[in-house]
Amino acid sequence: MLLTLAFLAGLAHAQDEGELKIPYETYTLPNGLNVILHEDHRLPQVVVNTWYGVGAKDELKGRTGFAHLFEHLMFMGTTRLPGSGFDDLMEAEGGWNNAWTSEDATDYYDVGPSQLVDTFLWMEADRMDGLSTAMTQDKLDLQREVVRNERRQTHEDAPYGVAWLELPTMLYPEGHPYAHSVIGSHEDLMAAEVSDVVNFFNAWYVPNNASLVVAGDFDSERVKGVIAAYFGGIEAGELPERPEVATPDGPVKAYLEVPDQVDLARSMIMWHSPKSLTQEDAVFDIVASVLSGGRSSRFYKRMIDQDQSAVSADAGQLSQMLSSLFMVDLMPAEGHTLEELEAAAMEEIAKLAEEGPTAEEMERVLNQIRVGSLYGLESLQARASTLNRYHYLVGDADYLATDLERYAKVTPEDVKKAAAALTMERAARLHVVPEAQEEGQ
Amino acid sequence: MKPYYLLALLAACAPKQAVESPAASSPLDVRPTIGEPAAFEAPVAQTFTLSNGITVWHYPQKELPLVSVRIQVEGGSSADPKALPGLTSFADDMLEYGAGDLDAAAFAEKVEQLAIDVGVSTGGRYSVMNFDGESSKLDDGLDLLQSMMTAPLFDEGEMEKMRTQLVAGIEMTKSNPSALASMAMDQAWYGADHPLAHPVSGSVESVNEITREDLESSWSSRVNASTLSIIVTGAYDEAALKAGLESRFGSIEGESSASAEIPAPSMLGQKIFVDNPGASQTVLLVAVPGFGANTAEYTAANLASIVLGGTFTSRLNRLLREEKGYTYGARARASRDRSSGKIQLSTAVRQDATAESLTDLLSQLALWSNEGITDAELVKAQGAQKTRMIGSIETIDGVADAMSGRLGLGLGPDALERERGSAERERLEMVNSLLNALTITSPVVVVVGDLSVIRTPVEEAVPGEWTEMSF
């Protein structure tokens, strides 16, 4: 506890950001499972976060959406804990769980009272050990339908949701690991077979492709024994080869218009940008903050405050493992057009490339990043996830200070150079057009 | 199954409960036992009063150099004039756009340079001004809150910009099926003329009507010593806090006066359609009367609603998602106002499963009410409730928000601890007795979907008078 608090206090006050640290202990089991232990006894709760190094980018041709579908199947029971036993046992004692799948990884987390720590570890080890042997066609069919409903709810019926299905195909060539959405297509989801589940499990859900964080109110020395007993006997696997992937120079398709049942049009402009947690990735984060981080930002001042031409004008660096995306996202006010907003946004980007950020802008952005990091690590869940994320992306859970140091190292010249790369010639531009408007044209 | 080549080595490290069975071939073959839960007490606020009578709740948490302040202002959207829904929210939103000697740009510049969060949110019964930031910025934050409260500019130019934003936001809401369902439910639940029936943000027409004088009047009529309460959590010096609050807010004048009486919801058992052409899913809401915050029954209703639809293994989610595969999720929740409450079931289902899913919701509601829950289900709900409370107070701003919510419901500074205790003490007989007494025969039902496809099957599945609403 004290170490944790010292970390947080240090983070808030630190002039020297080298002091920043989430206290933890880490080691690797002989089968390759990475273990990270982070004690915090302030509240009687515990979090077990199990991170697998597999995501939508690892799906086979014709099986888009499979990594996420597999995530659902992880809750469908094993021989030792069949049916809905995973959730039943956990919830019977006040615990809960969830998981998420991205292009790059799949993360499972269990949260609950501290007396459940052994149960969480047992359940995670049990499904890592033997999920596939209990897989059936019925389970696959049921979760396939749940996922298709998720697709309908979060993409097809959600305002602007369809655009996110289209963007990957505009940005990446066919065959690129990021060339499809995480949710996948109905057709591919329908095509998934039980053998796919078994093969995916055997290929990727092995201890040497996983990292386990235990965080909260537990005793590390005792829990080490529990982890060894439960996870130590699971055999390592041979991970599939991943092909080398070149970062595309530009988009596959420069422009696409997507009709949708929305009231306001929207322009989404995307560029390829440097991969997650690199120094250049931090530069693009700062570019985004200078452009649209709050009401002092350039986009806000220009398009919302001065011209009153936009109802929203955002920019963001969407960091990913292989390569990232930089996005400008614009919605016009009544009487204004997408083209007008795009011209204004590009002018502001060009101005930033020409003049660079002011000292006040750099100070503001760095303050916000520093304090934002502090808030982002206040909860136990966030700390557990952060430790695993750093371990996965850079092989070092103790990366918080280095991560923040990246931002402190960014110079105005770096920002100018990054902004200069954001030209319309290198961009993919997607317009979401209200269906009524589109039909009228 | 994968071989256990390290089994012999690892057995020596296994916890006692994991190696009890001599027949086990793997430590994983023996399910671990679960110990007793650790003791836990929820935060109880300390209190003091400013010289003008403003109540302050505060809860020191010295470990982190962060502080959160909430200032509650009685009124909320229920204070909107009948002809100008959205006025309270519009006025509240303007407070960040110029106050004291800072115009909108200077205000934003200051907030963002300090990396603090200052804002206002509008609810049905009250508004909440907030400051969240490092403890070293507390005085700056209180200065800004004081300016917002006592010297808002309501600049005409900023007002027009805000109007544009608000109108766009309202328009965007209309393409969100869940938001449409909530709006329809509020109108049906409260009755069209009820002060809580309209959306907090109002309508495009009303927002376009609002004048600067309306904004000034809305704010000034809601701010006086009798309508304000303050909550502070985190790392602060108590003496300095008292002095800082007294100097900034202790001279605000105002007599105590009874707040306007808000009538009970009408709850007429209406069945409402909202058309959403082309939708591949249908949003379903079903609501019946629950219990107010100050009633002894709320705790039982809340625990029982967790059983019905408050967790992943709850009855509704198990049936509609895990057994039938009709939805991504189905929920139930007992919400509470000061004097009334609502138990609402909600889901979004595949279009062709609309009628069957609605029938399932209604029959599950009846089964739940008529036959009650089991002892194991109550234990599960009690565990879930405790875990939720721990999660809600894990952060400094979380404690502030949790206390703010209780204060807004008219509960005391020990409300969180009382809730914890009463949930742990709840008995099965009491819960089931309460469920048996629920009025479920005339639920309010809202269906948002493509009516050209779903209207007939829904009307056949749930006969009665259906009304169509549009927004």
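All chains are named by letter (A, B, ...) in the order of the sequence lines, taking the proteins before the strands, and each is independently numbered beginning at 1. Computed over heavy atoms, backbone and side chain alike; hydrogens, waters and symmetry mates excluded. These numbers come from a predicted model, not from an experiment.
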Residue list, side-chain hydrogen bond (donor to acceptor under 3.5 Å, both in side chains) with B:Arg388, at least two apart or on another chain
none
Measure the spacing between OH of B:Tyr326 and CG of A:Asn149 and express it to the nearest 0.5 Å.
10.5 Å
Atom group of A:Ala125 that falls short of 4.5 Å from chain B, counting heavy atoms
both
Has A:Arg295 got its NZ or CZ under 6.0 Å from the middle of the six-membered ring of B:Phe107, at an angle within 45 degrees of the ring axis?
no
Whether A:Glu91 side chain and B:Thr313 backbone form a donor-acceptor pair below 3.5 Å
yes
Quick check: does any side chain N or O of B:Asn176 sit under 3.5 Å from a backbone N or O of A:Pro159, one acting as donor and the other as acceptor?
no
Which portion of A:Trp96 sits near chain B, non-hydrogen atoms under 4.5 angstrom:
side chain
Tell me, side chain or backbone of A:Tyr300 under 4.5 Å from chain B's heavy atoms, or both, or neither?
side chain
d(A:Arg80 CZ, B:Leu28 CG) to nearest 0.5 Å is 4.5 Å
Chain B contact via A:Gln308 - side chain, backbone, both or neither, heavy atoms under 4.5 Å:
side chain
Determine whether a donor-acceptor pair (N or O, by modelled atom type, separation under 3.5 Å) exists between the side chain of B:Glu112 and the backbone of A:Ser296.
yes
What option among A:His72, A:Gln45, A:Glu156, A:Glu93 has the most heavy-atom pairs under 4.5 Å with chain B?
A:Gln45
So which part of B:Glu323 gets closer than 4.5 Å to some heavy atom of chain A, the side chain, the backbone, both or neither?
backbone
What part of A:Met90 is in contact with chain B, defined as an atom under 4.5 angstrom from a non-hydrogen atom: side chain, backbone, both or neither?
neither
Set of residues satisfying side chain to side chain contact (heavy atoms under 4.5 Å, CB included) with respect to B:Ala168, sequence neighbours excluded
A:Leu264, A:Val311
With a 6.0 Å cut-off (strictly less than), is the heavy-atom count around CD of A:Glu334, excluding the residue itself, greater than 12?
no
Do A:Asp305 and B:Lys161 come within less than 4.5 Å of each other through their side chains, counting heavy atoms only?
yes
With a 4.5 angstrom heavy-atom cut-off, could you sort out which part of B:Pro177 is near chain A: side chain, backbone, both or neither?
side chain
Counting only heavy atoms closer than 4.5 Å, note whether A:Met123 contacts chain B via side chain, backbone, both or neither.
neither
Using a strict threshold of under 4.0 Å (side-chain N to carboxylate O), is an ion pair present between A:Asp88 and B:Arg318?
yes
Is there a side-chain contact between B:Glu394 and A:Glu378, using heavy atoms and a 4.5 Å cut-off?
no
Check whether B:Ala348 gets within reach of chain A through its side chain, its backbone, both or neither, counting any heavy atom under 4.5 Å.
both
Side chain, backbone, both or neither: which part of B:Ile116 has a non-hydrogen atom closer than 4.5 Å to chain A?
neither
Side-chain contact, heavy-atom cut-off 4.5 Å: A:Tyr230 with B:Pro32?
yes
I need the B:Asp397 CG to A:Tyr375 OH distance, nearest 0.5 Å.
6.0 Å
Side-chain heavy-atom pair B:Met172, A:Val262 within 4.5 angstrom cut-off
no
Selection from A:Asn98, A:Val147, A:Leu142, A:Val371 maximising heavy-atom pairs under 4.5 Å formed with chain B:
A:Leu142
Are A:Arg370 and B:Glu134 side-chain neighbours, meaning at least one heavy-atom pair lies under 4.5 Å?
yes
Applying a strict 4.5 Å limit to non-hydrogen atoms, the region of A:Ile304 in contact with chain B is both
Honestly, the part of A:Leu380 sitting under 4.5 Å from a heavy atom of chain B is both
Beyond-backbone contact of A:Gln143 with B:Glu322, side-chain heavy atoms, under 4.5 angstrom
yes
Please tell me if the side chains of B:Ser175 and A:Gln261 come closer than 4.5 Å, counting only heavy atoms from C-beta onward.
no
Could you look at A:Ser114 and say if it's the side chain, the backbone, both or neither that has a heavy atom under 4.5 Å from chain B?
side chain
Does some side-chain heavy atom of A:Leu81 sit less than 4.5 Å from a side-chain heavy atom of B:Arg31?
yes
Where does A:Val146 contact chain B at under 4.5 Å (heavy atoms): side chain, backbone, both or neither?
both
Could you go step by step and tell me if A:Asp157 and B:Ser280 meet the side chain to side chain donor-acceptor pair (under 3.5 Å) rule?
CA-CA 7 Å; A:Asp157 283 3; B:Ser280 60; 3.1 Å; yes
Need one label for A:Glu363: side chain, backbone, both or neither, based on atoms under 4.5 Å from any heavy atom in chain B.
both
